[in-house]
Amino acid sequence: MKKCPKCNGECLEESTFCGICGYKFTDNTEPEIINEENLSMENDDKQLNQTDDKTIQDSTVEKSDVNNDFTDNNVMDDGIYEVVEESTEEVNVIKEDNSDDKGNKGKGNKVVAGVAVGLIVAVLALATVLIFGKDLFSKKSQEEKLVDAYEKLLKANTIDMAYNFSFTDLEIQGMDNTDPQAALVANMIKDFSFDVNTKMDRKEHIMEGDININMQNNKLMNADFYVDKELVGINIPFIYDKTFYVTWDSLFNKIKDETDVSINWKDYLELLDKENYPSAKKIDESKYNKLASEFVKEILGDVTKESVRIGDQNISCDKYPLQLDYAKIMEFGFKIMDEMVTDEDAKAFIYEVVDKVSEKIIANEDYTYFDITEEEFKNGIEEFKNNYEDMLNELDGKSILEKMAEEEGFDINTLPDLMEAGINIKADVFVDKNNTIRKVDFIEEISDTQTNMKMGVKMECVINSINKKLKFNGIDKSEGVNPIELDQQQIEELIVEMQSTIMGKVMTNPFLSQLIGQFSGGQMY
């Protein structure tokens with residue numbers, strides 16, 4: 001065995017090349033570094049072409065020794081591949097150190113490394129865009145992002161959310177400690193809370209949910225409700241153990257029987273679909289979003305990060321604190337109205353809605369229920385349009401607010417004082433990384449010094465999901481009761497059953513029994 005002076009690797013005495021690093025040994029067995037500067041590009045290309053046309057074979061080195069230096073794929077420990085000519089007289093070794101015939105050793109490695117780094121960066125950039133979307137490089141302000149999040153919520157086809165309503169304060173004139181029953185009522189109202197869970201599919205016109213009424217963390221009663229294009233139903237176990245429902249057909253048939261008014265309500269339900277109005281798609285929503293952004297900017301505090309608990313997950317959100325009053329809300333509303341009355345596309349949409357509804361009324365001859373003729377109805381529609389045009393002309397470039405001030409004779413600068421109603425609203429809106437609103441904490445404080453009335457209302461709203469497929473339980477009509485279809489005797493029997501159910505619920509609920517006893521002076525009835 002002999003050692004290679006470059007890598008100190010052990011090689012066979014008859015080896016022409018070092019099997020580890022590729023050094024070439026001279027005929028007198030003295031090690032010599034291959035002078036790559038003396039190699040020509042032509043010879044190198046020729047060797048590569050010969051290699052491509054031949055089959056890779058085992059080295060003439062004994063197999064037992066080769067296995068010590070190569071992997072099963074004929075790759076040496078330092079990454080050098082061995083390519084063997086069919087001739088057994090010479091072993092050609094092609095090294096992947098990318099040294100060229102001009103001695104620029106390592107230049108190829110740098111090129112390969114640069115390409116590899118570039119590919120990695122490209123893949124990471126693509127993955128980032130796919131994950132975070134176009135908003136990653138968005139320069140939108142905080143108020144614009146919040147407006148976009150609200151627009152996303154309003155346009156969602158499906159939504160699953162949960163509300164909680166409660167009172168934070170309640171002071172009403174006459175409800176003081178001098179009147180025990182008045183004080184009891186006041187305390188009861190303050191102790192009330194409502195939980196409402198709703199699921200809706202706006203496209204299919206379906207809504208379902210439940211309501212829980214609590215007092216001092218005691219559940220008083222609960223109800224389930226369901227509404228779709230065919231019926232509306234509600235189940236209140238506290239009152240009756242079966243579901244009450246009314247089909248829209250039975251309701252309108254009842255109206256027809258009692259008033260001789262027959263309305264094809266399904267025709268009008270179709271008019272609620274925005275897709276029926278091509279003019280709506282032409283409205284430039286960005287103008288209204290801009291007004292909303294300016295309004296939000298005025299009432300927006302410092303945005304911070306906060307985690308929100310939804311189901312069994314903690315979701316990181318941006319917390320948007322908002323604070324406004326009644327005057328600011330009214331002022332924003334007037335700005336929206338000003339934009340709408342000067343927006344030709346919005347006017348076209350209003351006219352299209354009026355025309356489509358009018359066409360349906362005329363086709364069904366429903367105008368007869370107003371005791372007018374078809375001609376009188378058509379004239380009324382034209383008069384409405386003319387009045388609308390006259391209103392626009394009378395504004396003459398003024399805002400609606402300015403026109404009102406002119407006609408009513410008040411200074412527009414005093415409007416905030418005129419509209420001040422002692423209403424202050426605080427809200428915290430939580431938006432996740434997908435720019436989806438996940439929670440809203442809302443507090444409204446109402447005060448009136450003239451009546452000594454003060455009330456605070458708190459609402460918490462959690463959005464479980466939007467635009468996800470929802471499952472609705474619906475109503476089993478065979479297990480329910482349609483009161484419209486009952487005769488007088490059946491209705492009387494139903495009322496007796498309901499009274500019995502209510503008393504049974506009260507007697508088995510200690511909190512309700514005690515509460516009713518307080519109202520009746522300690523005597524149950």
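Nothing fancy with the numbering, it's 1 onward along the sequence. These values consider heavy atoms only, across backbone and side chains, with no hydrogens, waters or symmetry-generated copies.
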Scan for ring-ring contact (aromatic ring centres under 6.0 Å, His included) pairs involving residues 268-321, sequence neighbours excluded, and state none if there are none.
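Found Y277-F349, F295-F332.
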Quick one: sort the Y367 and F377 rings into parallel, tilted or perpendicular, breaks at 30° and 60°.
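If you compare the ring of Y367 with that of F377, the planes turn out parallel.
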Do the rings of W248 and F252 sit parallel, tilted or perpendicular, given the 30° and 60° boundaries?
tilted
Is there a side-chain contact between [X] and [Y] (heavy atoms, below 4.5 Å)?
{"X": "Y226", "Y": "I206", "value": "yes"}
{"X": "N214", "Y": "D195", "value": "yes"}
{"X": "D318", "Y": "K145", "value": "no"}
{"X": "P321", "Y": "L300", "value": "yes"}
{"X": "E306", "Y": "V308", "value": "no"}
{"X": "K319", "Y": "K439", "value": "no"}
{"X": "D355", "Y": "K385", "value": "yes"}
{"X": "F167", "Y": "V457", "value": "yes"}

How long is the straight-line distance from [atom2] of [Y] back to [atom1] of [X], given to the nearest 0.5 Å?
{"X": "Y150", "Y": "N435", "atom1": "OH", "atom2": "CG", "result": "12.0 Å"}
{"X": "D366", "Y": "I361", "atom1": "CG", "atom2": "CD1", "result": "6.5 Å"}
{"X": "K242", "Y": "N235", "atom1": "NZ", "atom2": "CG", "result": "11.5 Å"}
{"X": "T168", "Y": "K454", "atom1": "OG1", "atom2": "NZ", "result": "8.5 Å"}

Looking at [Y], is its backbone amide N or carbonyl O close enough to the side chain of [X] to form a donor-acceptor pair, meaning the two atoms are under 3.5 Å apart?
{"X": "D343", "Y": "E339", "result": "no"}
{"X": "R438", "Y": "N464", "result": "yes"}
{"X": "T158", "Y": "D201", "result": "no"}
{"X": "R202", "Y": "N157", "result": "no"}
{"X": "S358", "Y": "V354", "result": "yes"}
{"X": "D432", "Y": "N434", "result": "yes"}
{"X": "K199", "Y": "K471", "result": "yes"}
{"X": "D338", "Y": "I400", "result": "yes"}
{"X": "E208", "Y": "F472", "result": "no"}

So with a 6.0 Å cut-off around NZ of K152, is the heavy-atom count from everything else above 12?
yes
Within 6.0 Å of NZ in K403, more than 12 heavy atoms from elsewhere:
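Enclosed: over 12 neighbouring heavy atoms sit under 6.0 Å from NZ of K403.
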Going by an N to O cut-off under 4.0 Å, is there a salt bridge joining [X] and [Y]?
{"X": "K281", "Y": "E275", "answer": "yes"}
{"X": "K155", "Y": "E285", "answer": "yes"}
{"X": "K282", "Y": "E344", "answer": "no"}
{"X": "K378", "Y": "E374", "answer": "yes"}

The criterion is salt bridge (Lys or Arg N to Asp or Glu O under 4.0 Å); which residues satisfy it with E382, sequence neighbours excluded?
none
